[in-house]
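Below: one structure in structure tokens.
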2 protein chains.
Amino acid sequence: MRLTTKGRYAVTAMLDLALHGNEGPVSLADISGRQDISLSYLEQLFAKLRRNELVTSVRGPGGGYCLSRDLGDIYVAQIVDAVNEAVDATGCGGTSTCQQGEVCLTHHLWCDLSDQIHGFLSQISLANLVERREVQQVSARQDARVGDTTTLVLSQA
Amino acid sequence: MRLTTKGRYAVTAMLDLALHGNEGPVSLADISGRQDISLSYLEQLFAKLRRNELVTSVRGPGGGYCLSRDLGDIYVAQIVDAVNEAVDATGCGGTSTCQQGEVCLTHHLWCDLSDQIHGFLSQISLANLVERREVQQVSARQDARVGDTTTLVLSQA
DNA sequence: CTTATAGTTGACCAAAACAGTTGGTTATTG
DNA sequence: CAATAACCAACTGTTTTGGTCAACTATAAG
């Protein structure tokens with residue numbers, strides 16, 4: 001499994017979208033400002049997220065991105081998968097041809113691990129993250145830092 | 001967490017050592033032949049494994065590498081750690097300075113994931129792997145392919 | 001003592017992935 | 001039409017990956 005800043009950026013951006021997307025589309029410029037991620041890099045990531053139908057886009061002034069479905073129906077694993085396009089730990093990509101057409105010594109081990117990681121990240125939805133206290137705290141700090149107008153108040157939730 | 005071929009190679013090589021190391025040291029050339037891993041790459045990996053005290057080396061003719069301790073006391077997580085030297089998924093390395101000196105939105109998520117992966121790989125020892133039926137089968141196939149003289153017969157275990 | 005073996009070290013290299021930039025174009029709203 | 005913001009493609013610099021090569025040192029067998 002590949003876990004680099006790429007996947008982290010994608011999940012962070014999607015979480016930002018979840019936190020601020022309750023009133024219409026959110027522009028990448030806003031996300032870029034709040035999360036310190038390069039705008040053009042975000043564009044690349046969101047192209048993949050859109051292709052994987054995790055977000056929808058609205059063009060023109062006032063446009064931006066929206067989550068394609070409910071907070072509770074988008075899982076971290078899907079986001080990481082979307083930007084990385086290869087999320088398995090086996091090396092042969094599950095084809096069992098690791099060593100000259102046959103499985104290698106540790107093939108099953110990596111299969112198990114893949115299942116483990118994927119299972120873990122598949123259980124965490126954006127809704128789960130939004131509910132977390134630490135996420136709310138960090139989000140509040142960020143909104144205070146940037147002059148924010150469209151904040152979702154979550155502390156009562 | 002970084003999980004690349006590097007860690008896979010290391011675990012595979014260590015498992016090979018576990019399977020063939022019952023009678024004296026095993027040369028890297030042997031491992032290279034059986035596991036299809038470049039000899040010079042193995043040298044690099046074993047330098048790190050040795051620095052992390054997972055193996056000991058014997059120089060001179062008939063020399064090679066031995067496991068530094070019992071099969072049951074070497075865990076996959078330690079091997080991956082040894083060659084990757086940074087096994088965490090956070091990006092800030094656990095220092096919580098992901099975003100301008102503060103934790104980023106998804107910091108806790110990556111901490112949890114790190115714990116998850118590490119916990120999983122920390123429970124699997126070389127002894128566990130050696131006991132697995134698939135490992136024994138693959139090993140037998142490899143020994144048949146290469147003209148092998150020092151095979152440990154494990155099928156009775 | 002010589003010699004072959006095998007570990008040890010470090011320099012070097014090509015390809016890929018990552019992170020980001022530049023410079024556009026299209027579509028939409030006012 | 002002008003401003004906005006998504007969309008797109010090409011390109012750049014850096015790091016990691018996976019690997020080679022050459023030189024050197026320690027050791028054991030003969």
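A quick note: this is a predicted structure, and the numbers were derived from the prediction, not measured. Numbered from 1 within each chain, the chains take letters A, B, ... in sequence-line order.
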Can you measure B/K48 atom NZ to C/dG10 atom C1' for me and round it to whole angstrom units?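 Checked: the NZ to C1' distance equals 14 Å.
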Using a 4.0 Å heavy-atom cut-off, does B/L28 contact any base of the nucleic acid, only the sugar-phosphate backbone, or nothing at all?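 It contacts sugar-phosphate atoms only.
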Could you tell me how the ring of B/Y65 sits relative to the ring of B/F46: parallel (under 30°), tilted (30 to 60°) or perpendicular (over 60°)?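 Answer is tilted, since the angle falls between 30° and 60°.
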Whether B/Y65 contacts C/dA6 is assessed here as follows: a side-chain N or O lying under 4.0 Å from the phosphate OP1 or OP2. Is that the case?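 Result: no.
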Using a distance-only criterion (donor-acceptor N/O pair, under 3.5 Å, no hydrogens), is the base of D/dT4 paired with the side chain of A/R59?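 No such pair is found, so the answer is no.
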Kindly say if B/S38 contacts the phosphate of D/dT20, meaning a side-chain N or O under 4.0 Å from OP1 or OP2.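 The answer is yes; a side-chain N or O of B/S38 sits under 4.0 Å from OP1 or OP2.
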Interatomic distance where CG belongs to A/L17 and P belongs to D/dA6 [whole Å]: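 Going from CG in A/L17 over to P in D/dA6 covers 11 Å.
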Check: A/E53 main-chain N/O paired with A/S68 side-chain donor or acceptor under 3.5 Å: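 Yes; at least one donor-acceptor contact below 3.5 Å.
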Value in whole Å for how far the P atom of C/dA6 lies from CZ of B/R50: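 Value for this atom pair: 17 Å.
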Does B/R8 make a side-chain N or O approach to OP1 or OP2 of D/dT17 shorter than 4.0 Å?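 B/R8 to D/dT17 OP1/OP2: no side-chain N or O under 4.0 Å.
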Tell me which of A/Y41 and B/L39 sits closer to the 5' end of DNA chain C, going by the nucleotide each one is nearest to.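 That would be B/L39.
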Note, B/I74 side chain near B/R69 side chain (heavy atom, < 4.5 Å):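 Yes, their side chains come closer than 4.5 Å.
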In whole angstroms, how far is the C1' atom of C/dA6 from the CD1 atom of B/I31?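 Taking atom C1' of C/dA6 as the reference, CD1 of B/I31 is at 13 Å.
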So what does A/F46 touch, heavy atoms closer than 4.0 Å: a base, only the sugar-phosphate, or nothing?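 No contact.
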So B/L129 and B/M14, do their side chains get closer than 4.5 Å, heavy atoms only?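 Result no, sub-4.5 Å side-chain heavy-atom pair not found.
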Determine the contact category for B/S40: base if any of its heavy atoms lies under 4.0 Å from a base atom, sugar-phosphate if only primed atoms, P, OP1 or OP2 are that close, otherwise nothing.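 Base: the residue B/S40, judged by heavy atoms under 4.0 Å, touches a nucleobase.
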For A/D30 and D/dA6, what is the distance between atoms CG and C1' respectively, to the nearest whole Å?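 To the nearest whole Å, that distance equals 14 Å.
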Phosphate contact (D/dC7 OP1 or OP2) by A/S57 side-chain N/O below 4.0 Å: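 Checking D/dC7 against A/S57, a side-chain N or O does come within under 4.0 Å of OP1 or OP2.
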A/I37 has an atom CD1; how far is it from atom C1' of C/dC18, in whole Å?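 One finds 14 Å between C1' of C/dC18 and CD1 of A/I37, rounded.
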Does C/dG20 have its OP1 or OP2 closer than 4.0 Å to a side-chain nitrogen or oxygen of A/Y9?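 Answer yes for this pair, as a side-chain N or O of A/Y9 is under 4.0 Å from OP1 or OP2.
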Taking CG from B/L49 and P from C/dG7, how many angstroms apart are they, rounded to a whole number?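 The distance from CG of B/L49 to P of C/dG7 comes to 13 Å, rounded to the nearest Å.
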Rounded to whole angstrom units, what separation is found between the CG atom of B/L42 and the P atom of D/dT20?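 Atom-to-atom, B/L42 to D/dT20, this comes out as 10 Å.
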Report yes if a donor N or O on one partner sits less than 3.5 Å from an acceptor N or O on the other, where the partners are the side chain of B/Q44 and the base of D/dG19; otherwise report no.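 Under the 3.5 Å cut-off, the side chain and the base do form a donor-acceptor pair.
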Side chain B/S38, main chain B/Y41, donor-acceptor under 3.5 Å: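 Looks like yes, one N/O pair under 3.5 Å.
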Between D/dA6, D/dC8, C/dT8, which one does the side chain of B/E43 approach most closely?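 The answer is C/dT8.
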